[in-house]
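Below is one structure, written out as structure tokens, with a few remarks after it.
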Amino acid sequence: MTPPLAIEPASRLQKLPPYLFAEIDRKKRELVAKGKDVIDLGVGDPDIPTPDFIIRALQAAAENPRNHRYALDQGMPEFRQTIQEWFAKRFHVKLDPDKEILPLIGSKEGIGHLPLAIINPGQVCLIPDPGYPVYRSGTLFAEGIPYTMPLLEKNHFLPDLGAIPAEVLKSAKLMFLNYPNNPTSAVATREFFAEAVAFASKRGILIAHDAAYSEMTYDGQKSPSILEIPGAKDVAIELFSLSKTYSMTGWRVGFAVGHPQAISLLAKVKSNLDSGIFQAIQIAGIAALKEGDKALERNLKIYQERRDLLISGLNKLGFNVPLPKATFYCWIPVPPGYTSAELCLRFLEEMNIVVTPGNGFGPNGEGYFRISLTVAESRIMEALDRIKKSHKTK
Ligand SMILES: *Cc1c(COP(=O)(O)O)cnc(C)c1O
């Protein structure tokens, strides 16, 4: 018998950074297998279920054979129309539903495919560090060169655009931004977006603003769209997601809006790779965008209460953490004497609590760890209790 073919992985796969959370995942599974009560504050995935009315919209649409066939690549006209209405109401920006709106199989899909549409081998893509890992992998798949823009606390976790070398800018085609930000929970002001738009248009760089957490803000604040900036549509697209907003991570639905040519190039890549979004899910997406405000408000209140509980508890224990203004993440400085990885290992082994090491999001995440607010208050209280006990025995 001949042995199975040994495959040398394609070099683009070998260029991907190692998965830093693998060791934590393994240790977590080990502890769970031993019967330990592990509190997982690591995952960025809502524990609150999808609202009932969205599930019912999916159920009804799934019963209709009209929805069983291939969907249009560019999405259902009704879905694009609804996105237009939602966008106009939320941001007071008018979009052309035929040219400036493209439904996505989750925003990750759009982020991953965009560089294939925009970047030639050897061209630069500017990515935030720390940042969502797909900006880098999407760039590497397109054989582009990722150039990291550090997000530093002293700059409110906004990139210092003036610090990017002219040399790099010469071959830069694309820049990813992400506000409200994962993992730092920072928000961007309209002033920053205006600066980014002016910067990008002067240098011929397309901005892709990842707005996956656009609706996840607290204390009565609202996050702006980059498309609110006059002229932004000439230089930017923005990616939205229903995942976090309506607890729909598993459903895979989002959309891109803005710069019409970039939208059509992304649509061209997609039409060669996927065949649209299951229509029943688009119909459920219409329900979410049209009627989801109340459910969103209810969920934000839940996250906000968890946030207040966690942050006040941590600060009583001697941490010094400001209240995050957005997202369901807390981005917390690691106490002196530990690296991010060492602290996370201690949390896991001593307290059976999973938190995410900041360096998993890029070198500039070193010195921080991320806690997700995606567990019930009782679990947050239990976690605080374990941290307090571990403090005492130190
Ligand atoms: C969760 C997340 C996404 C992906 O969202 P989907 O629409 O579920 O693909 C994109 N960007 C950031 C920063 C995220 O945290």
Side-chain angles (χ1 to χ4, degrees), residues 37-55 90 153 156-157 178-188 211-224 240-251 288-289 291-335 344 347 351-356 358 368-391:
D37 175 25
V38 175
I39 304 177
D40 194 341
L41 304 177
V43 287
D45 192 351
D47 59 313
I48 305 169
T50 310
D52 278 341
F53 76 92
I54 300 175
I55 297 171
R90 171 69 175 83
E153 194 162 356
H156 311 285
F157 300 109
N178 166 222
Y179 295 96
N181 184 259
N182 176 13
T184 69
S185 82
V187 289
Y213 297 91
S214 65
E215 306 314 298
M216 316 271 325
T217 52
Y218 306 115
D219 310 317
Q221 300 289 317
K222 287 263 191 196
S223 185
F240 286 82
S241 171
L242 277 66
S243 289
K244 319 289 172 28
T245 310
Y246 305 111
S247 296
M248 293 175 74
T249 44
W251 296 56
L289 290 175
E291 297 156 50
D293 287 358
K294 269 214 190 76
L296 172 61
E297 202 179 311
R298 199 171 53 231
N299 292 353
L300 284 177
K301 195 161 164 282
I302 294 173
Y303 291 126
Q304 181 161 342
E305 282 165 5
R306 292 174 181 175
R307 174 198 72 164
D308 296 346
L309 179 71
L310 177 78
I311 299 295
S312 70
L314 284 177
N315 286 344
K316 267 182 216 144
L317 294 175
F319 286 85
N320 182 18
V321 197
L323 278 182
K325 296 191 182 87
T327 75
F328 42 55
Y329 305 117
C330 303
W331 185 240
I332 304 173
V334 166
C344 294
F347 264 70
M351 303 168 232
N352 297 339
I353 298 172
V354 179
V355 296
T356 309
Y368 293 87
F369 65 106
R370 192 190 75 176
I371 290 186
S372 295
L373 299 168
T374 48
V375 299
E377 284 193 19
S378 61
R379 299 298 277 165
I380 292 177
M381 285 192 295
E382 168 68 20
L384 285 167
D385 208 46
R386 291 186 196 175
I387 297 170
K388 188 174 171 183
K389 284 197 184 111
S390 145
H391 253 44

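Positions are given from 1, in the same order as the sequence printed here.
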Please name all residues satisfying ring pair (Phe, Tyr, Trp, His ring centres under 6.0 Å) with Tyr213, sequence neighbours left out, ordered by chain then number.
Phe328, Tyr329
Sorted by chain and residue number, the side chain to side chain donor-acceptor pair (under 3.5 Å) partners of Lys301 (sequence neighbours excluded) come out as Glu305
Could you tell me which non-hydrogen atom of Trp331 sits nearest to which non-hydrogen atom of Gly358, and how far apart they are?
CH2-CA, 3.5 Å
Quick check: do Trp251 and Leu242 have side-chain heavy atoms less than 4.5 Å from each other?
no
Matching residue for Phe347 among Val354, Ile353, Leu41 - test: side chain to side chain contact (heavy atoms under 4.5 Å, CB included)
Ile353
Looking only at heavy atoms, which two atoms of Pro46 and Thr249 are closest? And how far apart?
CD-CG2, 3.6 Å
Pairing residues for Asp308 by the salt bridge (charged side-chain N to carboxylate O under 4.0 Å, His left out) criterion, not counting sequence neighbours:
none
4.5 Å side-chain heavy-atom contact, Asn352 and Ile39:
no
Of all the heavy-atom pairs spanning Gly313 and Leu384, show the shortest one and how long it is.
C-CD2, 3.7 Å
Residues in side chain to side chain donor-acceptor pair (under 3.5 Å) contact with Asp37, at least two apart in sequence or another chain:
Arg379, Arg386
If the condition is side chain to side chain donor-acceptor pair (under 3.5 Å), which residues does Thr245 pass it with, not counting sequence neighbours?
none
Residues in side chain to side chain donor-acceptor pair (under 3.5 Å) contact with Asp219, at least two apart in sequence or another chain:
Gln304, Arg307
Taking Arg306 as the fixed residue, which of Ile302, Leu309, Leu310 is the one that meets the side chain to side chain contact (heavy atoms under 4.5 Å, CB included) rule?
Ile302
Distance-only, no hydrogens or angles: does the Asn299 side chain make a donor-acceptor pair with backbone N or O of Leu296 under 3.5 Å?
no
Backbone N/O of Leu317 and side chain of Asn315: donor-acceptor pair under 3.5 Å:
no
